[in-house]
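Working notes for the structure below.
We use all heavy atoms of the structure for the numbers below, so side chains are in, but hydrogens, waters and symmetry mates are not. Starting from 1, each residue takes its place in the sequence as its number. Being a predicted model, the structure only gives us computed values, none of them experimental.
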Amino acid sequence: MLLERIYDQLVTRAPLEQKARILVLKEEGKDNLAASTGHIGIWTLREIAGRWHDYRAASNTMRYAMRRRIKNEAELIYPLLSDHSL
């Protein structure tokens, strides 16, 4: 993932008050990937058909986490990337 490869550069360039948030976002990215992989692994077609309401709840949780991450990236990372000095 491209973003994973440039986190260290972003931290170096970021204002002091953003450095910790970037590092948290980096670590959360690893957790999110593991959660997504687990979600896909658990919810086979058979499981979805047999536990539709549970699947919908789990999927809603995943979508919420993804939207939150995208929002955080847009607020924190995108302005640093638009600087074009990477």
Side-chain angles (χ1 to χ4, degrees):
M1 179 187 309
L2 176 62
L3 191 53
E4 280 295 317
R5 295 191 332 221
I6 63 169
Y7 269 117
D8 292 336
Q9 292 177 44
L10 291 172
V11 169
T12 301
R13 295 181 15 192
L16 184 59
E17 65 275 4
Q18 292 179 342
K19 291 180 189 290
R21 288 181 58 207
I22 293 170
L23 292 172
V24 167
L25 197 59
K26 179 181 179 180
E27 289 305 312
E28 285 177 348
K30 295 173 188 175
D31 295 340
N32 291 346
L33 181 58
S36 180
T37 301
H39 176 80
I40 292 167
I42 290 169
W43 293 107
T44 63
L45 291 176
R46 180 170 292 179
E47 284 293 315
I48 292 169
R51 298 173 47 210
W52 177 246
H53 293 290
D54 294 333
Y55 168 75
R56 288 190 59 204
S59 293
N60 283 338
T61 300
M62 290 298 302
R63 279 192 301 279
Y64 174 79
M66 288 178 184
R67 287 184 182 122
R68 188 182 76 237
R69 178 165 182 85
I70 290 167
K71 179 181 178 285
N72 289 339
E73 285 179 356
E75 292 173 354
L76 186 62
I77 303 297
Y78 293 6
L80 294 172
L81 292 175
S82 70
D83 181 349
H84 300 295
S85 63
L86 284 177

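- In this structure, Asn32 and Met62 have side chains that are not in contact, with every pair of non-hydrogen atoms separated by 4.5 Å or more.
- Taken to the nearest 0.5 Å, the OG atom of Ser36 stands 12.5 Å off from the CG atom of Asp31.
- Between Arg69 and Leu25, the shortest heavy-atom contact is NH1-O, 2.8 Å.
- For the atom pair CG of Leu10 and CG of Leu23, the computed distance is 10.0 Å after rounding to the nearest 0.5 Å.
- Atom CZ of Arg63 is surrounded by more than 12 heavy atoms from other residues, nucleotides or ligands within 6.0 Å.
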Quiz item: Taking it one step at a time, do Gln18 and Leu80 satisfy side-chain contact (heavy atoms from CB on, under 4.5 Å)?
Solution: CA-CA 10 Å; Gln18 292 179 342; Leu80 294 172; 4.2 Å; yes

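- Taking a 6.0 Å sphere around CZ of Arg56, one finds it holds 12 or fewer heavy atoms contributed by other residues, nucleotides or ligands.
- Side-chain atoms of Asn72 and Val24, non-hydrogen and from C-beta on, never get closer than 4.5 Å to each other.
- Note on Met66: it does not cluster hydrophobically with Ile40, by side-chain heavy-atom contacts below 4.5 Å among ILVMFWY residues.
- Taking the six-membered ring where the residue is Trp, Trp43 and Tyr55 present perpendicular rings, their angle passing 60° and hence far from 30°.
- Listed for the Ser82 side chain is a donor-acceptor partner under 3.5 Å among the backbone atoms of Pro79.
- Pairing each heavy atom of Lys19 with each of Val11, the nearest pair is NZ-O, 2.5 Å.
- To the nearest 0.5 angstrom, Leu33 atom CG is 4.5 Å from Thr37 atom OG1.
- From Ile70, atom CD1 reaches atom CD1 of Ile77 across 13.5 Å, with rounding to the nearest 0.5 Å.
- Within a 6.0 Å radius of OH in Tyr78, more than 12 heavy atoms belonging to other residues, nucleotides or ligands are found.
- A continuous path of Ile, Leu, Val, Met, Phe, Trp and Tyr side chains, each step under 4.5 Å between heavy atoms, connects Tyr7 with Leu81, placing both in one hydrophobic cluster.
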